[in-house]
Amino acid sequence: MSSSSSSPPPPAAPPPPPGLLHVVIFPFMAKGHIIPLVNLARLLFLHRNNITVTIFTTQANSAFIRRSLCDTKASIVDLTFPKFTHPDIPQGIESADKLPSPSLFFAFANKTKLLQPEFERVVESLHPDVSCIISDVFFPWSLESASKLSIPRYEFNACSNFTVTIYHILANQDFPVDSNDELFTLAPNFPNIKLTKNDLEPEITDPQPGETTDLFTDIFKATSKTDGIISNSFYELESEFEDYLNREKSPPKVWSVGPLCLAAAAKVANLDEHKKKSSWINWLDEMLDADKPVLYVAFGSLAEITIEQFRELAIGLENSGEHFLWVLRLSSGDDEFMSEFEERVKGRGLLVKNQWVDQLEILRHDSVEGFMSHCGWNSMLESICESVPLLGFPITADQYWNARMVEEYYGIGVKVVTKNGSVRGFFSSECIAKKVKELMNIESEKGKEIRKSVKNLSEKARNAMEEGGSSWHALETLIDQIIWGKKKK
Ligand code: UDP
C-alpha cells in the first residue's frame, strides 16, 4: 500500500455561500468571439444555478447578446464606445464584422483600450462583488483592470489549443526554414505536424513595428500573467496540444470547456419552436425529400474573398454538379455574373446573400452532407459536433492550419489546394469542383472514412460536455478554483 493511500484525505472545503459567485464576461466585438462566450454564460448557469453572470459589451452589440440570452438570468452591461478617429475606420463602428475591410481588425482591436476606464468603473460598482473576469484575449488591457481591482482574470481564446501552441512555440524560437513554402516541424517533442511559413500571417513571420505588433506584444504579456486560459475545445480533440501547453507553457493553465456550441443546442430547439421556417430551411427540406445531399458553403462573419476568387468558386460549385446552399457576404456588386450564375444553377444551388443565418440549424439539417468552410474555429467545431465533414477553403489567420488539420490530422474532410501547391494563392475552379465531388461522394471509401471520423469526434465532443465528461469536469474544477481562489480586496 502506498503511503499516500493511507494518509487521511484533505478536509473537504466548506460549500460556498450561495449567490456570491459573480462572473464577468467580456467578449471581443466579433461574432466568432461573442457567440462562444454567450454559450459559456449559458453553460455557467447549467453548472451553478445560483451564479451571477454579467456580460459586458457595447451598445451596438447589445441586441444580439440580449436576444441570445433572453431566456437566462444573465445581466448585460452596455458600455459606450468612445469616439475615436482612424483614417480608415468610419465613425460609429463597434464590431469587427462592420469594418470596411478585415485588414483593419487589429487597428480596431487596439481601439478597445478606450473602453478600459468605463469598464473598471462599472466592474467596481457591481453587486455581488465580482469573483472573476473572463476577458477576451483581444483585451490585453483588462489585465491591468483586473490587477487594479484585485480580481482574478481568465483569458478566453476564440481559437484552438493548437493555435495557442503554435504562437507559443514560434514566439520562443526562430523559423527553422527560410523559404515560405518549405515544411517544418514545430518542435522536436511535438506531434508530427508540419507547417510552412505561408500557413502563418506576415504579422508573425515578418513582424513590422506598428500597432499590430504592439497588440501582439501586449497580448503575449497579458497571457503570461493571466490566471488561466479558457479554451473552446475539448481534451479528446486536442489532448496533445493541451498537454503540451500545460507542460511547457503553464502557468497559466489551459482549461478546455467546449465545444461551447453544444451549450447552445437546447436554446435553439426551444426558442425556435414557433418561429417561421426560413426560406433556406424550406429549401433544405425539399432537398431532403428529393434525396439530394447538400453542400453548405459559408465563410463565417468576417472573411472576404476577391471578386476573381469569388467567380472561380461559383464556377467550381457549378461544375461540381452537386447541390449547394451558399451563404455569402457580398460587398461589391458583381450583379450580372451573379444573376446569370443563379439562373444556371437554379434548382440545385441556393444563394443566401448578406443575411444572418442560424448556422447550427443548417448544419443540423439532415440534407447537409458537407460544409465548405473557411475553417474559422467555431465553424469547425460546429461541423464536428453535427457530424458534417468539412471542405477547407481557408482565407486568413488560423484558417490555413485549421484546414490542414481537417485533412491531415483529424481526417474529417479535405481541403482545396492552390495551383502551385503553396498554402496561399488562388484556388482554381477545377480544384474546387474536384474537391467538392470528393467530399460529397458519400459512398466512396474516402467518403465513408471521413464520415466515420467526424461522427467519432462528434460523439467524443458530446461526451466531453456531458456530466462527468472532460469539459464538464474542467469547468467544474475551474469554478471551484474561482470560488476558493478568489482574491480578497
Ligand atoms: N454565424 C452564423 N450565421 C452567419 C454567419 C456566422 O451563425 O450567418 C456564426 C457561426 O455559426 C460561428 C460564428 O458565426 O459560430 C463564426 O465564427 P467562426 O470562428 O467560424 O468564423 P469568423 O466569423 O470568426 O471568421
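As the structure lists them, so they are numbered: ligands from 1, and atoms in each ligand from 1. One-based numbering along the sequence shown. All values below come from the heavy atoms of this structure, side chains included, with hydrogens, waters and symmetry mates left out.
Closest to atom 13 (C) of ligand 1 among all protein heavy atoms lies Ile35 CD1, 3.9 Å. Looking only at heavy atoms of the protein, atom 2 (C) of ligand 1 is closest to Trp356 CZ2, 3.2 Å. Among protein heavy atoms, atom 23 (O) of ligand 1 sits closest to Ser301 OG, 2.5 Å.
Between Trp356 and Phe64, a ring centre-to-centre spacing shorter than 6.0 Å is recorded.
Residue His374 holds the heavy atom nearest to atom 21 (O) of ligand 1 of all those in Met380, Gln399, Gln355, His374. Counting only non-hydrogen atoms, the option in Asn378, Asp97, Leu360, Val357 that gets closest to atom 3 (N) of ligand 1 is Val357.
By the 30° and 60° cut-offs, the orientation of the rings of Trp326 relative to Phe324 is perpendicular. Ring planes of Tyr167 and Trp401: perpendicular class, angle over 60° (limits at 30 and 60°).
Near Gly300, with a cut-off below 4.0 Å to any heavy atom, the atoms of ligand 1 are 23 (O). Remark: ligand 1 atoms within the under-4.0 Å shell around heavy atoms of Leu302 are 23 (O). Here is the list of ligand 1 atoms found below 4.0 Å of a heavy atom in Gly32: 17 (O), 24 (O). In the vicinity of Glu382, heavy-atom distances shorter than 4.0 Å reach the ligand 1 atoms 10 (C), 11 (O), 12 (C), 15 (O). The contact set between ligand 1 and Gln359, taken as ligand atoms under 4.0 Å from a residue heavy atom, comprises 2 (C), 7 (O), 10 (C), 11 (O).
The proximity of Trp377 to ligand 1, defined as any non-hydrogen pair under 4.0 Å, is limited to the backbone. When non-hydrogen atoms are compared, ligand 1 lies under 4.0 Å from neither the backbone nor the side chain of His33.
For the 3.5 Å distance criterion, the side chains of Ser453 and Asn456 fail to qualify, holding no donor opposite an acceptor. In this model, no donor atom of one side chain and acceptor atom of the other lie less than 3.5 Å apart for Asp97 and Ser301. Side-chain contact of Ser142 with Ser145: a donor-acceptor pair under 3.5 Å is absent, judged by distance alone.
Ligand 1 has no N or O atom lying under 3.5 Å from any N or O atom of Asp358, backbone or side chain. By the 3.5 Å distance cut-off applied to N or O atoms, Ser379 is counted among the residues near ligand 1.
For the pair Asn441/Lys446, no side-chain contact is recorded, criterion being any heavy-atom separation below 4.5 Å from C-beta on.
Residue Phe139 forms a ring-ring contact (aromatic ring centres under 6.0 Å, His included) with just one option from Phe119, Phe26, Phe56, and that option is Phe26. If you run ring-ring contact (aromatic ring centres under 6.0 Å, His included) between Phe28 and each of Phe105, Trp141, Phe156, only Phe105 comes through.
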